[in-house]
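Chain identifiers are assigned alphabetically (A, B, ...) following the order of the sequence lines, protein sequences preceding nucleic acid strands; residue numbering begins at 1 within each chain. Values below: all heavy atoms of this structure, side chains included; hydrogens, waters and symmetry mates excluded.
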Amino acid sequence: MSVAEAAALDDATLVARSRDGDMRAYEQLVRRYQGPMYRLALRIVGSSGDAEDAVQDVFLTAWRRLGQLNDDGAFLGWLYRTTTNQCLNVLRKRKPHADTELDEHESPAPRTRPDRAVEVNAQLDALQAALRGLTPEQRACWVLREVHGRSYDEIAEAIGTTQQSVRGRLARARAQLAEVMAPWR
Amino acid sequence: MAVTSDYVLPCGRDVEEVWEAIDLSDEHTRSCPHCAAVRESLLVLRAATDEMAREEVEPPFDLVSRIMSAVRADVRRSDVVPLPGDGLARISTRAIAAVLRYAADGVDGVRARGCRVVEAPESTGSDPVIEVELSIAITASLVTHAAYEEVRRRVLAAASARIGVRLARLDLVVADVLEG
């Protein structure tokens, strides 16, 4: 059995137990996936406060809807979809120009790690800033595919569109981001 | 050379074409300055993206406990039924079950076993409604057909008189028959 299969099996067990009301099992699922969901949310909504709220809502909703999940092993994909949806809803509810209220200097992590070259930190900051220039759907497509490695099929379902449209948005996002990164070449 | 706004380069190639062939440097890419420039930008983007994917930004240390508090509060909420009035008072379904079991026990030859209480879909704060599945064990020699009606009557009465909620549905299940 591959590592991936073992992990999927384990999720399925925890999901089945959670559905029976076992909160300790559910807490293990929360511990396992809060990190990737938080990072996804942070990259899409761009502010840590909104990302925390989104992730909290996602795990509460997931708990309430465990009964609707047909395939216990599909929990992670389901989390990715729910988190993406939640983040896009947060962005839709934001007032126009609310982006300017975001802390422009807020970045996901302090770029002060000594083991990383100054230039790499600066490039990451530039990429982070460039992501804000994309539409929310483009940003979600790009982050899900390029940073989190999700499938086109899964992304299409999360965004509520076709695979073809996902590929189009990705191409436009990539071209736009490459343009912003041009000064670093 | 900057990427053109419609993402088609002056040489006619699309940025996406350059991306797809980024690791296969063909004759055109080697000689075309537009493609070469875009390829360099895409390589920078790819490197920065890899860094972003490796970046382990951790959520706040208390996020798990906040999530689990919300889940526990949700479980507590789903386990109670509103009492009539201002909508602030609530009663646990377990407390309701205890009252209803006691009411059924009052009938000769009947012993309540399981009692599952759920709030009915039509229930509101001002008009709380419940649905109940009550399983009973009966002592065959003591129970007549009228006893079931008596159980039903007492349970319905206890729900409205002792608790104040309307019982919309009562499923009575004989789970066991005792000799004696």
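- In this structure, the portion of A:L131 lying under 4.5 Å from any heavy atom of chain B is its side chain and not its backbone.
- Across all non-hydrogen atoms, the minimal contact from A:L127 to B:T49 is CD2-N, 3.9 Å.
- A donor-acceptor pair is defined here as one N or O able to donate and one able to accept, closer than 3.5 Å; no such pair exists between the side chain of B:R66 and the backbone of A:D53.
- Residue A:A178 comes nearest to B:S41 through the heavy atom pair O-CB, 3.4 Å, listed as atom of the first residue, atom of the second, then distance.
- Cluster membership check: B:Y7 shares its hydrophobic cluster with B:W19, using side-chain heavy-atom separations under 4.5 Å among Ile, Leu, Val, Met, Phe, Trp and Tyr.
- For the set A:Y26, A:F59, A:W142, A:W63, the count of heavy-atom pairs under 4.5 angstrom toward chain B peaks at A:W63.
- A pairwise comparison of heavy atoms in B:L45 and A:R174 identifies CD2-O, 3.7 Å as the closest pair.
- Note on B:E55 versus A:R39: no salt bridge recorded, every NZ/NE/NH1/NH2 to OD/OE distance being 4.0 Å or above.
- The cluster map of Ile, Leu, Val, Met, Phe, Trp and Tyr, joined by side-chain heavy atoms under 4.5 Å apart, puts B:I96 and B:V99 in the same cluster.
- Screening A:Q56, A:E27, A:M23, A:R64 for a side chain to side chain contact (heavy atoms under 4.5 Å, CB included) involving B:V71 leaves a single residue, A:M23.
- Scanning all heavy atoms of the two residues, the minimum distance from B:A70 to A:L60 falls at O-CD1, 3.7 Å.
- Considering every non-hydrogen atom in both B:E58 and A:Y38, the closest pair reads O-CE2, 3.7 Å.
- Within the 4.5 Å cutoff, the side chain of A:E52 has no heavy atoms near those of the B:P59 side chain.
- The hydrophobic clustering, which links ILVMFWY residues whose side-chain heavy atoms are closer than 4.5 Å, places B:I138 and B:V173 apart.
- The hydrophobic cluster containing A:L14 also contains B:V64, counting ILVMFWY residues as joined when their side-chain heavy atoms lie under 4.5 angstrom apart, directly or transitively.
- In terms of hydrophobic clustering, with Ile, Leu, Val, Met, Phe, Trp and Tyr side chains grouped at heavy-atom distances under 4.5 Å, A:V180 and A:W184 are assigned to different clusters.
- By number of non-hydrogen pairs under 4.5 angstrom with chain B, the leading residue of A:M37, A:Q123, A:R31 is A:R31.
- Under 4.0 Å is where a charged nitrogen must lie from a carboxylate oxygen, and between B:E16 and A:R167 no such pair does.
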